[in-house]
Amino acid sequence: MSEELDQYTRELLDHLYDGRGEQDPEPEERTRIDSLLAAAGQGERTAPIVELFRALQDLRDRQGIGADRFGIAREHLAALARRHQEIDEHMVSVGGRVGRALAIVQQANARVDEYLQRKDVEAPSGIELWDRVLENQQRIRTSLGMDDAAWNSFAGQIRHAIGSVEELAGLIDLPAAAVADIARVTKNYRMRLTPYYTSLIMPGEINDPVMLQSVPTGEMVDNAGIEIPPVAADHSPARLVDQFYPRVVTIKSTNMCAMYCTHCLRIAHIGRKDRVFSKDAYSEALDYIRANPRIRDVLITGGDALVLPNSMLRWLLEQLDSIDHVRLKRLGTRVPVTAPMRIDSELLDILEASNDIKPLRVVTQINTAREITPVSQQAFRDIARRVFAVLNQAVLLRGINDSRVKMWKLCETIQEACVRPYYIFNCSYRNPQFAHFRVPVEKGRDIVESMYGNIVGDAIPRYIATAGGKIPMHRSNVVGRDGNDLILRKPWNGEEVRYPDADADVYGESNFSFARYRS
Ligand SMILES: *Cc1c(COP(=O)(O)O)cnc(C)c1O
Ligand code: SF4
């Protein structure tokens with residue numbers, strides 16, 4: 001009788017009955033196989049059959065005991081194999097499952113095992129560290145004399161924001177030399193941490209990734225090099241407007257942020273002196289957009305767009321929604337990370353109302369899993385329920401996210417907060433102030449490419465260098481061509497595969513698909 005089994009199952013059976021199993025099994029092995037055999041013959045489940053075949057394969061491989069040594073006829077196993085294929089909805093054979101799929105999965109598992117072991121140790125999130133963050137909050141609140149109302153409101157966070165090194169030194173342990181140096185640097189560069197953001201700094205951590213982002217160091221003035229400021233004249237066709245692309249513009253709606261980043265691209269302009277822009281300024285920006293029907297997408301950035309009062313945000317969004325050719329909007333903000341209390345129901349209602357008219361995305365910047373706490377996670381999830389998408393633009397920063405473990409963890413953690421990894425920016429060469437944060441491109445590529453095949457697809461960001469526009473930095477996976485075949489390299493293990501390209505003649509035929517109905 002023909003076995004009617006696929007190649008993998010035949011190979012597996014050949015292996016189990018190759019006659020080279022000279023050993024006899026121990027009595028307890030015999031008992032185990034007998035009971036597996038009995039279980040495999042019953043019921044409507046594939047697992048007992050798989051378990052039997054795996055056990056037999058294991059005995060054959062490790063101890064040289066063939067299936068015949070248990071007195072099992074080959075035809076009996078073949079019948080069980082046929083049974084497996086009958087039960088399985090997709091007709092997967094037991095040979096395919098045991099001989100191929102399980103081995104392939106096992107091999108792939110090895111690629112992430114190291115990450116799984118290291119992620120919570122090397123890159124703990126603010127959720128995992130929450131107990132310690134709460135201790136920090138207790139200490140900071142007492143020291144600043146903040147009650148619940150003050151802590152839980154954006155106004156309270158801004159009113160109590162830490163702007164001097166003396167204040168900061170009272171809240172986190174800073175060595176004396178650091179205090180002196182920060183005092184020197186903050187003459188030139190604004191420092192401001194919300195009490196909440198300060199509570200994410202872990203005492204005793206030398207290069208704390210939150211502190212690195214928010215507390216300026218001596219390097220900012222000592223680094224060699226000359227700042228190449230953005231040439232406003234090149235990119236600002238109208239008051240408050242920046243334009244790199246024909247269909248997307250930004251409105252730089254404020255120069256203020258809740259927290260001032262040490263790696264800010266606009267460090268020369270942002271946060272220098274708080275300024276409230278006039279309605280005239282916004283009107284001129286809107287006039288420019290209104291007069292340019294190519295413009296489809298408008299980003300309200302800053303500074304930080306959510307530093308604007310709700311009334312101003314509502315007005316700006318309404319203005320944009322009233323322009324016919326503007327089809328989408330974005331808001332640029334780090335506030336859900338630096339002062340998540342800002343995300344209240346009034347703001348959420350404004351976002352939802354605008355999103356109902358034309359899709360609104362919120363674009364944020366999260367650079368380390370540490371910045372996702374139960375509070376910021378909730379803020380992001382609340383926003384995500386009300387708008388089209390929440391996107392993250394991380395900056396690749398030394399000591400903050402420049403390893404596979406840290407970046408994978410960041411991307412997975414923000415995704416669980418309903419934030420989609422969108423870009424990873426290479427840290428700009430234009431500012432000597434933060435040259436010490438720069439990471440080599442090759443390293444950045446390794447980090448981003450290592451995600452393919454190991455992280456779900458919609459958690460993988462694009463790696464970008466900004467140089468008069470955004471330039472994608474992905475190394476090509478196309479390593480060669482042979483005739484019409486491309487030679488592609490799998491980013492996760494370097495394996496090369498042949499990939500036939502489309503037939504150019506077929507592609508060149510003008511008459512295809514629906515066009516064929518016309519001729
Ligand atoms: C980043 C940026 C944009 C938008 O870029 P996307 O690739 O569409 O996200 C537009 N204008 C300016 C000035 C920008 O910096
Ligand atoms: S939030 Fe953005 S604009 Fe504000 S300081 Fe940070 S990087 Fe600069």
Side-chain angles (χ1 to χ4, degrees), residues 153-165 167-168 182 185-186 188-201 209-217 220 229-230 232 240 242 250-277 281-282 299-310 312-313 316 330-344 347 362-368 370-371 375-376 379-380 383 390-395 397 400 419 423 425 427-428 431 433-434 437 466:
S153 76
F154 183 65
Q157 289 286 330
I158 296 297
R159 197 166 59 245
H160 290 92
I162 294 106
S164 74
V165 66
E167 276 178 283
L168 186 68
I182 295 165
V185 179
T186 47
N188 289 308
Y189 297 106
R190 176 108 174 244
M191 177 176 78
R192 175 160 82 175
L193 290 82
T194 58
Y196 166 84
Y197 199 69
T198 311
S199 76
L200 306 185
I201 298 172
V210 171
M211 190 164 69
L212 283 177
Q213 292 183 66
S214 51
V215 179
T217 60
M220 289 183 74
L240 302 190
D242 266 358
T250 63
I251 300 177
K252 296 170 287 180
S253 66
T254 171
N255 73 334
M256 295 185 266
C257 301
M259 182 276 279
Y260 292 103
C261 306
T262 51
H263 57 275
C264 178
L265 215 55
R266 301 224 192 103
I267 199 158
H269 306 286
I270 294 297
R272 273 295 144 96
K273 183 168 174 288
D274 290 351
R275 286 184 58 197
V276 175
F277 300 165
Y282 295 119
L299 283 70
I300 304 174
T301 69
D304 194 307
L306 290 190
V307 165
L308 294 178
N310 282 346
M312 178 57 81
L313 268 177
L316 267 175
R330 298 184 229 184
L331 286 180
T333 180
R334 281 203 90 178
V335 153
V337 161
T338 57
M341 306 74 186
R342 171 75 178 85
I343 315 306
D344 59 15
L347 173 66
V362 168
V363 182
T364 192
Q365 188 198 140
I366 313 162
N367 295 320
T368 159
R370 275 280 277 286
E371 290 168 309
V375 179
S376 60
F380 280 121
I383 297 169
V390 185
L391 306 170
N392 189 44
Q393 303 188 336
V395 184
L397 295 166
I400 294 169
V419 178
Y423 284 145
F425 290 125
C427 189
S428 174
N431 298 72
Q433 291 97 330
F434 45 78
F437 281 136
T466 311

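The structure presented is a predicted model; accordingly, all values stated were derived computationally and were not measured.
- Considering only heavy atoms from C-beta on, T186 comes within 4.5 Å of P216 through its side chain.
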inquiry  = Show, in sequence, the C-alpha distance, side-chain angles and deciding distance for L313 and L306, and conclude whether the side-chain contact (heavy atoms from CB on, under 4.5 Å) test is met.
reply    = CA-CA 8 Å; L313 268 177; L306 290 190; 3.5 Å; yes

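- Formation of a donor-acceptor pair under 3.5 Å by the R266 side chain with backbone atoms of N255 is not found in this model.
- Between the side chain of T338 and the backbone N or O of T194 there is no donor-acceptor pair closer than 3.5 Å.
- How far CZ of F277 is from CD1 of I251: 11.5 Å, rounded to the nearest 0.5 Å.
- Scanning all heavy atoms of the two residues, the minimum distance from A305 to I300 falls at CB-O, 3.4 Å.
- Separating the OG atom in S376 from the CD1 atom in I366 is a distance of 7.0 Å, to the nearest 0.5 Å.
- To the nearest 0.5 angstrom, I201 atom CD1 is 6.0 Å from L168 atom CG.
- Using modelled atom types, no side-chain atom of N392 and backbone atom of V419 make a donor-acceptor pair closer than 3.5 Å.
- M259 and R334 make their closest contact through CE-NH1, 3.6 Å (heavy atoms, listed as atom of the first residue, atom of the second, distance).
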request  = Tell me, with the steps shown, if V395 and L265 meet side-chain contact (heavy atoms from CB on, under 4.5 Å).
outcome  = CA-CA 10 Å; V395 184; L265 215 55; over 6 Å; no

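- Side-chain contact annotation: Q213 with R370, donor-acceptor N/O pair under 3.5 Å absent.
- Among all heavy-atom pairs drawn from M220 and V185, the shortest one is CB-CG1, 4.0 Å.
- In terms of heavy atoms, M341 sits closest to F154 at CB-N, 3.9 Å.
- Under a cut-off of 6.0 angstrom, the local environment of CZ in R275 is sparse, with at most 12 non-hydrogen atoms contributed by other residues, nucleotides or ligands.
- Taking the side chain as every heavy atom from C-beta outward, Y282 and S253 approach each other to under 4.5 Å.
- I267 has its side chain out of reach of Y260: every pair of non-hydrogen atoms, C-beta onward, lies at least 4.5 Å apart.
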ask   = Can you check side-chain contact (heavy atoms from CB on, under 4.5 Å) on N367 and H263, steps first, answer last?
value = CA-CA 11 Å; N367 295 320; H263 57 275; 3.6 Å; yes

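- A 4.5 Å side-chain heavy-atom check between L193 and M211 finds every atom pair outside the cut-off.
- A distance of 4.0 Å separates CG in D242 from OG1 in T250, rounded to the nearest 0.5 Å.
- Contact annotation: the side chain of F380 never approaches that of I343 to less than 4.5 Å [non-hydrogen atoms, C-beta and beyond].
- The shortest side-chain heavy-atom distance between V337 and Q365 does not fall under the 4.5 Å cut-off.
- Residues M256 and V276 meet the side-chain proximity criterion, which asks for heavy atoms closer than 4.5 Å.
- The minimum heavy-atom distance linking P195 with H160 is given by the pair CG-O, 3.5 Å.
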Audit row: T364, I383, side-chain contact (heavy atoms from CB on, under 4.5 Å) steps and yes/no = CA-CA 11 Å; T364 192; I383 297 169; over 6 Å; no

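- Of the inter-residue distances, the one linking I162 atom CD1 with Q157 atom CD reads 8.5 Å to the nearest 0.5 angstrom.
- A side-chain N or O of T333 and one of D304 form a donor-acceptor pair less than 3.5 Å apart.
- In terms of modelled atom types and a separation under 3.5 Å, the side chain of R330 and the main chain of T301 share no donor-acceptor contact.
- Nearest heavy atom pair, residue C264 against residue F434, reads O-CE2, 3.1 Å.
- The shortest distance between side-chain heavy atoms of R342 and I158 does not fall below 4.5 Å.
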